[in-house]
Amino acid sequence: MSTSGLMSAMRAAGRQHITVSTLRTAPAAGSHVFRIEEFTRVREKTANGAAVLSSPFAVGGHDWRIRCFPNGRLKDSEGHISLHLQHGSHAKTGDVTATYKMSILDKSWEPSCTQIMENHRFETDDGYWGWRKFMKHTDLDRDKYLKDDCLSVLCDVTVDLGLRTTDEVAAAAEELNSEPAPSEPHHDLHLAEAADVMIHLGDGQRIGAHRWVLEARSLVFKSEIALAPTTDENIAELRVDGMDADVCKALLRFIYTDSPPAQLEAAPATTVEQLLMAADRYELKKLRAACEEALCKKIDVSSVATALALDERYCCPTLRKACMRFLSSPDNLEAVAASSDGLEQLKTLRPSVLLDLFDKNMPLSEQQRMLRTIRLVWDQSDKGW
């Protein structure tokens, strides 16, 4: 059972104030792709024993480089590509143990010809270790590996940081579940010292989180974190635009606790709408459904047209059904159309949405009222219904 699942089970049993500590190995992992353009030309101009180097990249507080010898590192490896990993910060960071693997990416960007080095100890300045005969030149199929004559080498590095006992996830969940006092100003939220993702919002605020939690709960977060730049401390700097701090915190509360916000139904409709958009963006179906249910209970004359527009964009069948039920009353439809904001919203909808409201089984007088209101919207629309 995951830590968040354990805490949810404990809370369900009536234990509200819970802390959890976990003893685990504390590896730090990262990946780097080294692309060598015009590889055929580079190989022709590079002698046996000469290397080309990637830019430095940081994993686990250490600097690394990929060393590629296009014509082999030593005389016995002529006719091969040699690949090595270099520890580039020994003078500053000291000895380190790392597991690493290298692969040649094929034209579909899938790893191929993978080699792995388990728990290697880097103990010298500029030490580099790897494979002298990683791949024969004759096996380097141009059609398979050299996309536009570019060789792409993927290196995955996992640095052993030793055994650590941490309670950061418990602390994070505890903080996320505690609502700030109404008078408390917005401030930077760092979930724990061990946070390894920093979310930068458009308004300049920052929120700390944990990579493994976000990646486990959302494939979208996993993809965005993989592409995010990292600091020297291996903290992913993730920029999230179009989301305010309150919505982002509510999103993280759900991710850490697997529970929608307790006060969702009491929150303003605009806040719930934004949270639904965020849940859709990060493919959190359970949170999305909870937001949709909460919006259904907020439908009134001032919000129904906006809710229908939300369905048009995000396909919310439950919300649409509730809106149609509300608007099927001629009194409600007339009231929405009578307000300038409501009329403008109705005019943005597809004609079929309003035509679906017409029920041949309703009394004739109500049919006539419904048709008059639909025609009013129709006549004022500039979309050429």
Output, in order, the C-alpha distance, side-chain angles, deciding distance and verdict of side chain to side chain donor-acceptor pair (under 3.5 Å) for Asp106 and Ser112.
-> CA-CA 7 Å; Asp106 63 21; Ser112 184; 5.6 Å; no
Return the set of residues passing side-chain contact (heavy atoms from CB on, under 4.5 Å) with Thr230 (not counting sequence neighbours), or none when no residue passes.
-> Arg211, Asn234, Ala236
How would you list, by chain and number, every residue that makes a side-chain contact (heavy atoms from CB on, under 4.5 Å) with Glu38, sequence neighbours excluded?
-> Arg41, Asp149
Check: [Y] main-chain N/O paired with [X] side-chain donor or acceptor under 3.5 Å:
X      : Y      : answer
Thr46  : Arg43  : no
Lys222 : Ala216 : no
Ser54  : Ile66  : yes
Thr257 : Ser259 : yes
Ser82  : Arg73  : yes
Asn71  : Ala47  : no
Asp148 : Cys150 : no
Ser218 : Leu214 : no
Arg206 : Ile199 : no
Lys101 : Thr114 : no

Return each pair, listed once, that meets salt bridge (charged side-chain N to carboxylate O under 4.0 Å, His left out) where at least one residue sits in residues 229-241; pairs must be two or more places apart or across chains.
-> Arg239-Asp241
Does any pair with a residue in residues 54-66 pass salt bridge (charged side-chain N to carboxylate O under 4.0 Å, His left out), and if so which ones, sequence neighbours excluded?
-> Asp63-Lys92
Can you list the other members of the hydrophobic cluster that holds [X], where links are side-chain heavy atoms under 4.5 angstrom apart?
X      : result
Val33  : Leu105, Trp109, Leu154
Leu53  : none
Leu227 : none

Given the rule in the side chain to side chain donor-acceptor pair (under 3.5 Å) test, do His90 and Asp95 qualify, once you have shown the distances and angles that lead to the verdict?
-> CA-CA 6 Å; His90 185 273; Asp95 297 351; 2.6 Å; yes
So does Arg281 have more than 12 non-hydrogen atoms from other groups sitting under 6.0 Å from CZ?
-> yes
Flag if over 12 foreign heavy atoms under 6.0 Å of NZ, Lys298 | yes
Using the test side chain to side chain donor-acceptor pair (under 3.5 Å), find all partners of Glu215 that sit at least two apart in sequence or belong to another chain.
-> none
Residues which pass side chain to side chain donor-acceptor pair (under 3.5 Å) with His80, listed by chain and number, not counting sequence neighbours | none
Does Phe134 have its ring centroid less than 6.0 Å away from the ring centroid of His84?
-> no
Please determine, by modelled atom types, if Asn119 and Thr99 share a side-chain donor-acceptor pair under 3.5 angstrom.
-> yes
Hey, could you give me each pair passing ring pair (Phe, Tyr, Trp, His ring centres under 6.0 Å) that has a residue in residues 277-316? Not counting sequence neighbours.
-> Phe221-Tyr282
According to the ring pair (Phe, Tyr, Trp, His ring centres under 6.0 Å) rule, which pairs have a member within residues 36-56, sequence neighbours left out?
-> none
Do Pro70 and Ile36 have side-chain heavy atoms sitting under 4.5 Å apart?
-> no
Who passes ring-ring contact (aromatic ring centres under 6.0 Å, His included) against His137, sequence neighbours left out?
-> none
Reported [atom1]-to-[atom2] distance for the pair [X] and [Y], which is rounded to 0.5 angstrom:
X      : Y      : atom1 : atom2 : result
Leu238 : His200 : CG    : NE2   : 8.5 Å
Lys144 : Ile104 : NZ    : CD1   : 11.0 Å
Leu287 : Glu292 : CG    : CD    : 11.5 Å
Cys323 : Leu310 : SG    : CG    : 9.0 Å
Arg67  : Phe34  : CZ    : CZ    : 10.5 Å
Trp64  : Tyr100 : CH2   : OH    : 8.5 Å

Parallel, tilted or perpendicular, as decided by the 30° and 60° cut-offs, for the rings of Phe57 and His32 | parallel
